[in-house]
Visitor: 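The structure's right below; bear with me while I get my questions together.
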Amino acid sequence: MKGDPLSLIVDSGVSDRSGIEVSDAGSGVVLEGASRVLGELLSPEELDVIMDRVRGQNLSLVGEGGVLSLLSKKILERALEEERTEHLGYERGDPAGCG
């Protein structure tokens with residue numbers, strides 16, 4: 001199979017990051033409301049579609065090259081890019097950065 005298995009099953013156009021509060025729970029970080037926000041971003045029906053496509057295309061869900069690893073990687077890359085944009089004040093490739 002060619003390409004990124006994740007691109008075969010999900011639309012990466014989700015950008016809402018509201019409603020998550022981070023707190024220190026002593027033994028680690030707790031994301032308050034993360035489950036609710038995930039439910040808002042990905043309905044049970046959409047999750048069913050993704051899982052059906054994972055099974056139907058015989059993709060690995062876990063492990064190296066698995067859908068969960070690739071999804072985590074894409075989310076982290078997007079978050080880092082957004083942090084860089086916020087820090088610099090302009091997006092990658094924006095002429096405002098030249099000068």
Side-chain angles (χ1 to χ4, degrees):
M1 176 185 316
K2 290 183 179 179
D4 177 357
L6 188 60
S7 66
L8 299 173
I9 61 169
V10 295
D11 175 12
S12 61
V14 176
S15 62
D16 186 303
R17 50 187 165 148
S18 63
I20 298 178
E21 296 178 24
V22 180
S23 62
D24 186 353
S27 61
V29 174
V30 176
L31 298 177
E32 300 295 334
S35 180
R36 178 184 53 79
V37 171
L38 181 59
E40 292 171 3
L41 296 176
L42 191 61
S43 71
E45 294 80 16
E46 291 169 319
L47 185 56
D48 289 342
V49 169
I50 290 172
M51 293 307 297
D52 288 345
R53 292 180 77 176
V54 166
R55 283 189 292 273
Q57 295 178 23
N58 201 30
L59 300 173
S60 176
L61 186 60
V62 295
E64 188 175 336
V67 172
L68 290 177
S69 295
L70 294 170
L71 181 58
S72 296
K73 180 180 184 274
K74 287 188 177 285
I75 289 171
L76 288 172
E77 287 172 349
R78 176 70 60 92
L80 287 171
E81 186 147 335
E82 288 184 17
E83 287 293 323
R84 182 185 60 236
T85 298
E86 186 175 317
H87 176 73
L88 296 175
Y90 58 87
E91 299 212 13
R92 178 184 283 194
D94 187 334
C98 298

Visitor: Using the rule that two of Ile, Leu, Val, Met, Phe, Trp, Tyr join whenever any of their side-chain heavy atoms come within less than 4.5 Å, decide whether Val62 and Leu47 are in one cluster.
Guide: yes
Visitor: Output the rest of the hydrophobic cluster of Leu76: all Ile, Leu, Val, Met, Phe, Trp and Tyr residues reachable through side-chain heavy-atom contacts under 4.5 Å, sorted by chain and number.
Guide: none
Visitor: Measure the spacing between CG of Leu70 and CG of Leu59 and express it to the nearest 0.5 Å.
Guide: 9.5 Å
Visitor: Search all heavy atoms of Gly63 against all heavy atoms of Ser69 and return the closest pair with its distance.
Guide: O-OG, 3.0 Å
Visitor: Using the test side-chain hydrogen bond (donor to acceptor under 3.5 Å, both in side chains), find all partners of Arg55 that sit at least two apart in sequence or belong to another chain.
Guide: Asp52
Visitor: Not counting sequence neighbours, which residues clear salt bridge (Lys or Arg N to Asp or Glu O under 4.0 Å) with Glu81? List them please.
Guide: Arg84
Visitor: Quick one: are Leu61 and Met51 in side-chain contact, heavy atoms under 4.5 Å?
Guide: yes
Visitor: Enumerate the residue pairs fulfilling salt bridge (charged side-chain N to carboxylate O under 4.0 Å, His left out) with a member in residues 59-69, sequence neighbours excluded, ordered by first and then second residue.
Guide: none
Visitor: Distance check, rounded to the nearest 0.5 Å: Glu77 atom CD versus Glu82 atom CD?
Guide: 12.5 Å
Visitor: Do Leu88 and Asp94 come close enough that some side-chain heavy atom pair is under 4.5 Å?
Guide: no
Visitor: Once side-chain hydrogen bond (donor to acceptor under 3.5 Å, both in side chains) is applied, do any residues pair with Ser43, and if so which ones, sequence neighbours excluded?
Guide: Glu45, Glu46
